[in-house]
Each structure stands twice: as structure tokens, then as C-alpha cells.
Amino acid sequence: MIDPIEKLKKYNQNHIIEMIKVFNDEEKNNIFEQVNRINLDEIDSLYMELSNKEKVLDSNIEEIVAVNKDKITLEEQKEINTLGENIIKNNQYALVTMSGGQGTRLGYDKAKGTFIVNIMPSPKSLFEILADKLKKVKDEFNVITPWYIMTSEENDKQIEDFFVENNYFNYPKEYIMFFKQDNLPMLTEDKKLIINKEKNIKEAASGNGSIFNAMYKNGVLTDMKKRGIKWIFISSIDNILLKIADPMLVGLAEKENVEIATKSILRNSPEEKVGAICKKDGKIYVIEYSEMSDEMKTAINENGEFKFGESHIMCNLFSLNALNELAQKKLPYHIAHKKSEYLNEKGELVIPQEPNAYKFETFIFDSWKYFDKIAILRGKREEDFAPIKNKEGVDSPSTAVDLYNKFYFKEEI
């Protein structure tokens with residue numbers, strides 16, 4: 001094994017060598033353990049590749065058409081709905097919640113799922129809101145849906161303790177399983193590793209696309225097979241209008257004989273920062289907002305809608321077969337510009353006001369390229385999408401709560 005000091009020198013991380021001179025033995029050993037574990041050659045290559053990434057070329061992109069249930073017959077709706085209901089009733093359905101992040105953009109320094117939302121009739125955490133939805137599925141379909149929760153190294157203990165403290169929100173403990181996603185180190189804009197206030201190399205969750213390998217490594221896929229699960233709904237923690245068991249989505253996947261289905265909503269403006277579902281080189285693809293040209297954001301189709309307006313809202317359905325296949329694939333990385341506090345070479349904590357570091361992420365929708373066809377169901381914003389991402393303004397607690405209360409408590413408002 002290469003000496004960690006030599007490894008740091010090789011990758012021009014000499015600032016760490018200087019910093020650890022004043023660390024105690026335990027702190028130095030922690031740094032050396034991380035240096036030995038981290039693939040710095042991969043990180044170096046990622047930095048060079050992704051920092052030079054260009055916008056997607058419009059010429060490779062085609063519009064897609066989603067299934068709009070309001071535009072199909074009642075007979076078709078009933079057929080699709082029945083197919084989905086049968087899957088759920090027969091214990092062939094599971095929920096996976098991605099909760100590896102902290103509530104940084106909310107100004108909240110704990111696991112995002114523990115964030116309390118002031119909904120009617122009483123405030124609840126994001127986790128409790130989901131648990132309540134699962135209990136409603138239990139009442140409606142007379143089944144207990146397995147619930148798998150993806151955490152990260154940063155928040156795993158915090159989340160598990162939160163569930164214990166809240167008695168698992170009165171949901172059967174044996175139907176809840178936690179598993180951790182992988183981390184990758186963050187880099188400064190000049191390609192330096194970051195030392196955080198705990199005197200460790202700063203690492204961050206490696207994106208929602210790492211979920212497939214994490215499910216495999218942590219025995220989640222094996223557990224699903226034992227339970228006879230066929231379809232798995234994977235979503236983020238922060239959408240309080242999320243339909244965790246939508247028979248229409250499941251039924252559409254069954255009817256169209258696909259391995260993956262997703263739900264979209266129509267973009268409400270060119271500026272809305274959501275990825276667009278489209279076709280690229282004949283495959284279903286999601287263009288991140290930051291990768292879209294201005295022309296793509298504003299293009300209008302013959303129906304008077306945004307041509308690339310079908311927005312990805314992290315409502316994804318996968319067959320167990322698809323998850324097993326994807327666990328063996330390597331997805332491409334994307335780069336995100338983030339704010340990250342750090343220790344400078346004098347050992348002082350610096351809290352930046354602007355983004356100063358790069359995070360490397362894989363995206364769950366990049367898995368779609370391995371499949372010839374994906375079913376897309378268009379949902380409705382007022383029924384399906386009330387995310388909590390920002391402290392104030394768009395997609396904040398206040399906007400999400402307003403949508404939630406209007407949907408569930410129409411008569412009281």
C-alpha cells in the first residue's frame with residue numbers, strides 16, 4: 001500500500017500534509033485511513049472531465065410524449081388502475097425513500113427527513129408524513145408495504161435514532177430497513193481536498209444514482225426478493241404531496257410491459273429549475289436544468305406547451321429485475337457547485353458566502369439509458385408535487401404547506 005503522505009504529494013494535496021502536523025495521533029490516523037481508502041486518481045479524472053463539461057447539444061434531443069390520464073378513456077383508466085391495485089394488494093410493492101442529505105438549503109443542520117413541517121392539522125416531520133401515507137395504504141389495501149430508507153454516513157445514526165425516539169411512527173419496525181449510500185470527497189475550485197471542522201477530509205453523498213449499488217451491497221435487493229416484491233417506488237424525502245402508492249403508475253408499467261416507469265409534471269416556466277424528460281439518441285433521458293440551453297427552456301410545441309416541459313420530479317418506479325441489473329452498472333458523474341465550510345491552513349474555520357467547492361454526483365435517471373422503453377405518466381402539480389428545498393421563496397416550507405393544505409383540507413381553507 002502506498003504511503004499516505006506520498007499519495008498526497010502525488011496528487012498535489014500538500015496543504016493537508018502541512019495541516020496535519022498539528023493534529024494529534026488519532027486525527028492523523030483518521031486522515032491517513034481516508035487517504036488510503038479514497039481513489040484520488042478517479043477524483044482527479046472526474047474533476048478534469050466534469051469541470052470542462054459543455055451544455056447538451058439541442059440537435060441530439062427529441063421531445064417525448066407522456067400518458068395524460070385526463071386524455072384517455074374512463075375504461076382505459078379503470079384497466080390501468082386495476083392492474084396497479086392488484087400489484088399493491090398482492091404484497092408485490094415496496095417504497096424506497098432517499099434521505100441521504102442534510103437540510104442545508106433550509107438552514108437546517110440535521111437530516112432533512114427530521115425537518116418539522118407546519119401542515120394541518122398539526123406539525124409533523126417529513127418522515128412522519130410518509131409514515132402516515134404508508135398507514136393509509138395499509139388501511140386501503142390491507143397490506144403492510146416494506147419501507148427502505150437510504151441514509152448516508154453523515155446522517156445514518158441520526159435518522160435511526162429519530163425513528164427509535166418516535167417509536168417508528170407506529171409503523172411495524174420489521175417492515176423498515178435502513179441502508180447507507182456511498183460518499184465521495186469534495187474538492188475546492190482549484191482541486192484541493194477539503195478538511196472539515198471535525199478534522200476529516202470532507203466527503204459528501206455520491207448522488208441518488210448510487211442507490212442501485214447501495215441496495216445491492218446492503219442486502220436490500222435480497223430482502224426484496226425474499227418478500228416477493230416485484231415493483232419498487234423510489235422517491236426523495238422532501239415532496240410532501242408524494243403519492244407513495246399510485247395504482248395508475250404501477251398499472252401503466254404493467255400494461256406497457258416495461259421495467260421502469262416515472263411520473264412527470266409540466267414545467268410551469270422556463271426558469272423553473274427542474275430536469276426535463278426527453279429523448280437523446282433514441283433513449284429516454286433527463287437533461288438537468290443547468291445543462292439546458294435557453295432555446296430548449298423556451299421552445300413551445302404544437303399544443304402550446306413547453307416542448308421540453310415534462311419535468312422529472314423523482315417519482316420513479318423500477319422492477320426488481322431492473323434494480324438487480326443496474327446494481328452492476330457504472331453511471332456517469334455530474335458536478336455540482338456547493339458552499340462548503342472548511343479549515344484553512346491555520347486551522348481556522350471558514351464559512352463561505354458563495355459556492356466554493358465541487359461535489360460529484362450520479363443521477364438515478366442516468367440508469368434509463370440501459371432500457372429501450374420507459375412508461376411516463378403525467379401527474380398534476382397541485383396533486384403530486386410540493387417539494388421542500390429552500391428556506392424561503394420557491395419550493396420552500398411555506399409554498400409546500402400551502403399546496404398540501406389545499407389538497408388535503410380543501411373545505412377548511
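Computed from heavy atoms alone, side chains included, the values below leave out hydrogens, waters and symmetry copies.
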Task: salt bridge (Lys or Arg N to Asp or Glu O under 4.0 Å) between Lys197 and Glu341, intermediate numbers included - done: CA-CA 8 Å; Lys197 61 185 176 183; Glu341 57 183 40; 3.6 Å; yes

- [ ] Take Ile149 and Met177 through the side-chain contact (heavy atoms from CB on, under 4.5 Å) test and state the conclusion after the steps.
- [x] CA-CA 6 Å; Ile149 300 169; Met177 181 176 179; over 6 Å; no

Open item on the list: Show, in sequence, the C-alpha distance, side-chain angles and deciding distance for Lys135 and Asp139, and conclude whether the salt bridge (Lys or Arg N to Asp or Glu O under 4.0 Å) test is met.
Closed with: CA-CA 6 Å; Lys135 286 183 275 191; Asp139 292 341; over 6 Å; no

Task: Lys307 and Glu62: CA distance, side-chain angles, deciding distance, salt bridge (Lys or Arg N to Asp or Glu O under 4.0 Å) verdict - done: CA-CA 9 Å; Lys307 185 175 182 181; Glu62 301 173 61; over 6 Å; no

Open item on the list: Go through it in stages, so that I can follow the logic: the residues are Tyr175 and Arg227, the test is side-chain contact (heavy atoms from CB on, under 4.5 Å), and I'd like the CA-CA distance, side-chain angles, deciding distance and then a yes or no.
Closed with: CA-CA 10 Å; Tyr175 283 82; Arg227 293 180 186 268; 3.6 Å; yes

- [ ] Please lay out, stage by stage, how Glu382 and Lys406 fare under the test salt bridge (Lys or Arg N to Asp or Glu O under 4.0 Å).
- [x] CA-CA 8 Å; Glu382 65 274 16; Lys406 282 179 180 176; over 6 Å; no

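With hydrogens and angles ignored, the 3.5 Å screen pairs no side-chain donor or acceptor of Asn90 with any backbone N or O of Gln92. A donor-acceptor contact shorter than 3.5 Å links the side chain of Lys192 to the backbone of Asn12. Put simply, the side chain of Asn405 never gets that close to the backbone of Phe409: no donor and acceptor are under 3.5 Å apart. No side-chain donor-acceptor contact under 3.5 Å links Asn91 to the backbone of Ile229. Asp384 places a side-chain N or O within donor-acceptor distance of the main-chain N or O of Lys380, the cut-off being under 3.5 Å. In this structure a side-chain-to-backbone donor-acceptor pair under 3.5 Å is missing from Asn155 to Gln158. Asn324 contributes a side-chain N or O that, together with a main-chain N or O of Leu320, makes up a donor-acceptor pair within less than 3.5 Å. Looking at Asn218, its side chain does come within 3.5 Å of a backbone N or O of Ala214 through a donor-acceptor pair. At distances below 3.5 Å, at least one donor-acceptor pair connects side-chain atoms of Lys133 with backbone N or O atoms of Ile240. Between the side chain of Asn239 and the main chain of Leu241, a donor-acceptor pair closer than 3.5 Å is present.
For Pro4 against Val35, the heavy-atom pair with the smallest separation is O-CG1, 3.8 Å. When every heavy atom of Ile260 is checked against every heavy atom of Trp231, the shortest pair comes out as N-CZ3, 4.4 Å. For Asp156 against Thr151, the heavy-atom pair with the smallest separation is OD1-OG1, 2.7 Å.
Between Lys157 and Glu160 no salt bridge is recorded (no basic side-chain N to carboxylate O distance below 4.0 Å). No salt bridge links Glu63 with Lys279; every basic N to acidic carboxylate O contact stays at or beyond 4.0 Å. Taking the charged nitrogens against the carboxylate oxygens, Lys273 and Asp395 have no contact shorter than 4.0 Å, which rules out a salt bridge. In this structure, Asp281 does not pair ionically with Lys369, as no charged nitrogen and carboxylate oxygen lie closer than 4.0 Å. Residues Lys359 and Glu361 are paired through a salt bridge, judged by an N-O separation under 4.0 Å between the basic side chain and the carboxylate. Salt-bridge annotation for Lys243 and Glu383: present, with a side-chain N of the basic residue lying under 4.0 Å from a carboxylate O of the acidic one.
Listed by first and then second residue, the salt bridge (charged side-chain N to carboxylate O under 4.0 Å, His left out) pairs involving residues 319-335 are Glu42-Lys330 (not counting sequence neighbours). Pairs engaging residues 95-121 under the salt bridge (charged side-chain N to carboxylate O under 4.0 Å, His left out) rule: Lys112-Asp238 [sequence neighbours left out].
Side-chain rings of Phe169 and Trp147 stay apart, their centers remaining 6.0 Å or farther from each other. Between Phe115 and Tyr108, the distance from one ring center to the other falls under 6.0 angstrom. Ring-centre distance between Phe179 and Tyr148: not below the 6.0 Å cut-off. His334 and Phe360 have their aromatic ring centers separated by at least 6.0 angstrom.
Taken to the nearest 0.5 Å, the CG atom of Leu377 stands 8.0 Å off from the CG atom of Asn68. Annotation: the span from Lys138 atom NZ to Thr145 atom OG1 amounts to 10.5 Å, rounded to 0.5 Å. A distance of 12.0 Å separates CG of Leu187 from NZ of Lys202, quoted to the nearest 0.5 Å. The distance from atom CZ of Arg267 to atom OG of Ser311, rounded to the nearest 0.5 Å, is 5.0 Å. A distance of 9.0 Å separates CG of Leu266 from CD of Glu272, quoted to the nearest 0.5 Å. Rounded to the nearest 0.5 Å, atoms OH (Tyr404) and CE (Met120) are 10.0 Å apart.
Judged as a salt bridge (charged side-chain N to carboxylate O under 4.0 Å, His left out), and not counting sequence neighbours, Asp41 has no contacts. In terms of the salt bridge (charged side-chain N to carboxylate O under 4.0 Å, His left out) criterion, residue partners of Glu33 (sequence neighbours excluded) are, by chain and number, Arg37. For Glu85, the salt bridge (charged side-chain N to carboxylate O under 4.0 Å, His left out) test picks out no residue, with sequence neighbours left out. Partners of Lys217 by salt bridge (charged side-chain N to carboxylate O under 4.0 Å, His left out), not counting sequence neighbours, listed by chain and number: Asp182.
Checking Asn344 against His15 by side-chain atom types alone, no donor-acceptor pair falls below 3.5 Å. A donor-acceptor contact under 3.5 angstrom links the side chains of Ser210 and Gln181, judged on distance only. For Ser398 and Ser396, the side-chain atoms include at least one donor-acceptor pair closer than 3.5 Å.
In this structure, the side chains of Ser269 and Glu271 come closer than 4.5 Å at one or more pairs of heavy atoms. Considering only heavy atoms from C-beta on, His312 stays 4.5 Å or farther from Val274 through its side chain. Two residues are said to be in side-chain contact when any heavy atoms from C-beta on lie closer than 4.5 Å; Ile159 and Ser99 meet this criterion. Looking at heavy atoms from C-beta onward, Ile43 lies out of side-chain contact with Lys191 at the 4.5 angstrom threshold. Using a 4.5 Å cut-off on side-chain heavy atoms (C-beta onward), Phe233 and Cys315 make contact.
Ring pair Phe178/Tyr168 is tilted by interplanar angle, where 30° to 60° counts as tilted. Using bins of under 30°, 30° to 60° and over 60° for the plane-to-plane angle, the ring pair Phe365/Trp368 lands in the perpendicular bin.
When the options Asn183, Ile38, Asn196 are evaluated for a side chain to side chain contact (heavy atoms under 4.5 Å, CB included) with Ile201, the one that passes is Ile38. Screening Leu331, Thr362, Val220 for a side chain to side chain contact (heavy atoms under 4.5 Å, CB included) involving Phe212 leaves a single residue, Leu331.
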